[in-house]
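Here is the structure we will look at, set down as structure tokens.
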Amino acid sequence: MGAKQTLTLVFVIAIAVASVPVATLGQTAATGPSPAKQATANATAAGAGQVQQAGNGTCNYAQLYNRTIDSIVQIQTVRGLGSGFVFDLNEDNGTSYVVTNEHVVNESGIVGVRFSQGELRTGRVVGATAYADLAVVRVNETPAYVESLPVATGMPRPGERVAALGSPFGLESTITSGIVSGVNRTMPTQTGTLPNTIQTDAPINPGNSGGPLVLCGNGTVAGVNRAGGGENIGFAISASLVNQIVPELIQNGTYEYPYLGIRPAPLTRSIVAANDLNVTSGVYVAGVLRGSPASDALQGPTGFEIVNRQRVPVGGDVIVGIDNQSVETREELLGYILTETRPGETVDMTVIRDGERQTVSVTLGERPEPRTTT
């Protein structure tokens with residue numbers, strides 16, 4: 001459910017996420033940050049769940065449903081419906097923080113939050129980010145039976161049993177089952193690429209967006225459902241990004257993303273041949289954005305050659321490492337920048353330039369706001 005990537009797609013090496021109208025019923029959601037803020041932070045740590053996955057790989061989905069459903073909510077806006085789950089709960093005063101997608105709340109400041117036993121509460125959007133498509137809603141009068149869901153601290157393994165919970169097509173308290181089909185995927189979006197996403201064959205339909213993808217093995221949240229598509233392919237924002245970004249949304253209302261400022265391209269056979277490279281993996285710098293942190297350190301193409309009737313760039317750097325870690329793909333580079341760095345930090349990048357391996361240092365900036373057109 002993303003736009004087709006091409007070599008000319010302007011990647012900014014930072015998290016880049018678009019609004020996908022999966023959660024609404026016949027409505028297209030637009031991006032936009034929430035103006036509300038709340039200065040409270042408490043990241044949910046992964047905990048041992050009560051649901052067990054049998055040794056033969058089967059899952060007791062009825063037990064998983066009973067364990068988690070009271071923490072699942074329906075998000076209601078003027079544009080449609082979505083899903084969410086309770087990320088943090090203060091039992092002393094009944095205040096909870098609900099995680100959902102940014103494209104679900106859209107530009108809403110106030111939304112309706114319906115709990116599993118029918119209670120409808122008013123929720124205030126305290127933080128949202130279009131880049132990661134995550135938003136947080138504060139509910140002041142949370143029903144007493146509700147608990148927060150633990151969020152996993154690691155990436156699940158392909159083949160693990162999972163369930164997607166939410167309100168597809170407005171059908172509240174729905175569970176669909178499947179497995180983790182793949183991990184460390186990148187999801188192309190309208191504003192760039194979202195790394196570290198989880199692929200699943202559990203059905204994710206309009207209205208499921210913002211709900212959790214839950215692991216059967218321990219009952220923890222593996223990711224936040226974001227997009228579904230044909231051929232039993234759906235995607236969820238990984239728990240690692242949730243744990244990294246959501247607490248700052250709760251506390252500050254925003255999240256600052258690191259910014260490098262290049263257009264990365266896969267190292268194809270044509271690029272290898274045209275540039276006479278002695279490596280076959282890495283990230284080709286297909287362009288450097290003017291005025292970006294990378295503009296004084298990395299080099300883009302200096303010309304083009306025709307290889308097999310294709311116009312192929314030559315002369316650009318090939319990134320093969322960052323901070324003493326090897327880089328083989330765009331996904332690895334994007335994932336590292338997003339999850340291991342912050343604005344203002346300096347990274348050492350190993351590049352191949354003019355046939356020689358060398359190290360360049362880049363001080364990362366803060367990612368600019370996405371451009372809008374009128």
Side-chain angles (χ1 to χ4, degrees), residues 17 19-25 29 34 36 38 43-44 65 68-89 94-130 132-143 145-151 163-176 204-214 220-228 234 236-239 241-243 245-247 249-250:
V17 190
S19 173
V20 178
V22 176
T24 57
L25 299 179
S34 166
Q38 172 67 24
T44 304
Y65 181 88
T68 58
I69 197 60
D70 286 343
S71 303
I72 312 303
V73 303
Q74 182 186 76
I75 304 294
Q76 303 176 352
T77 74
V78 294
R79 294 196 175 195
L81 304 174
S83 302
F85 68 95
V86 177
F87 172 86
D88 191 23
L89 173 65
T95 298
S96 61
Y97 293 92
V98 172
V99 170
T100 185
N101 287 146
E102 188 274 343
H103 78 258
V104 169
V105 300
N106 196 249
E107 297 181 347
S108 302
I110 301 295
V111 299
V113 180
R114 185 179 297 279
F115 289 86
S116 64
Q117 296 185 20
E119 299 91 343
L120 182 61
R121 300 287 191 262
T122 297
R124 179 176 295 276
V125 180
V126 298
T129 169
D133 199 14
L134 291 171
V136 178
V137 177
R138 187 180 72 236
V139 178
N140 291 332
E141 298 179 358
T142 307
Y145 61 84
V146 174
E147 297 179 351
S148 60
L149 282 184
V151 179
L165 294 110
S167 301
F169 300 108
L171 301 172
E172 299 176 47
S173 301
T174 295
I175 181 172
T176 57
I204 297 175
N205 294 296
N208 271 124
S209 285
L213 186 71
V214 180
T220 61
V221 176
V224 178
N225 299 321
R226 181 180 185 274
I237 303 162
S238 68
L241 294 182
V242 174
N243 282 325
I245 295 171
V246 167
L249 291 181
I250 293 174

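We number each residue from 1, following the sequence as shown.
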Student check: side-chain heavy atoms of [X] and [Y] closer than 4.5 Å:
X	Y	value
R121	V73	no
N106	T77	no
V86	F115	yes
T129	E102	no
V246	F87	yes
V105	V137	yes

Subject >> For S167, side chain to side chain contact (heavy atoms under 4.5 Å, CB included) partners two or more places apart >> reply: Q74, S83, E172
If you compare all heavy atoms of [X] against all heavy atoms of [Y], which two are closest, and at what distance to 0.1 Å?
X	Y	value
G84	T100	CA-CB, 4.3 Å
L149	I72	CD1-CD1, 3.8 Å
V139	G123	CG2-CA, 4.4 Å
P168	N205	CB-CB, 3.9 Å

Could you give the distance from [atom1] ([X]) to [atom2] ([Y]), rounded to the nearest 0.5 Å?
X	Y	atom1	atom2	value
R138	T95	CZ	OG1	7.0 Å
T174	N208	OG1	CG	7.5 Å
I69	S173	CD1	OG	4.0 Å
L89	T142	CG	OG1	5.5 Å

Original post:
Going through the checks in order, is the side chain to side chain contact (heavy atoms under 4.5 Å, CB included) test met by V125 and V136?
Top reply: CA-CA 6 Å; V125 180; V136 178; over 6 Å; no
For the side chain of [X] and the backbone of [Y], is there at least one donor-acceptor N/O pair under 3.5 Å apart?
X	Y	answer
D70	V146	no
Y145	Q117	yes
N225	P212	yes
D133	N101	no

Original post:
Are there more than 12 heavy atoms of other residues, nucleotides or ligands under 6.0 Å from atom CD of E141?
Top reply: no
Original post:
Do V98 and I75 pass the side chain to side chain contact (heavy atoms under 4.5 Å, CB included) test, and can you show the C-alpha distance, the side-chain angles, and the key distance before you say yes or no?
Top reply: CA-CA 10 Å; V98 172; I75 304 294; 4.3 Å; yes
Original post:
side chain to side chain contact (heavy atoms under 4.5 Å, CB included) between T176 and I204: does it pass, once the steps are laid out?
Top reply: CA-CA 8 Å; T176 57; I204 297 175; 5.7 Å; no
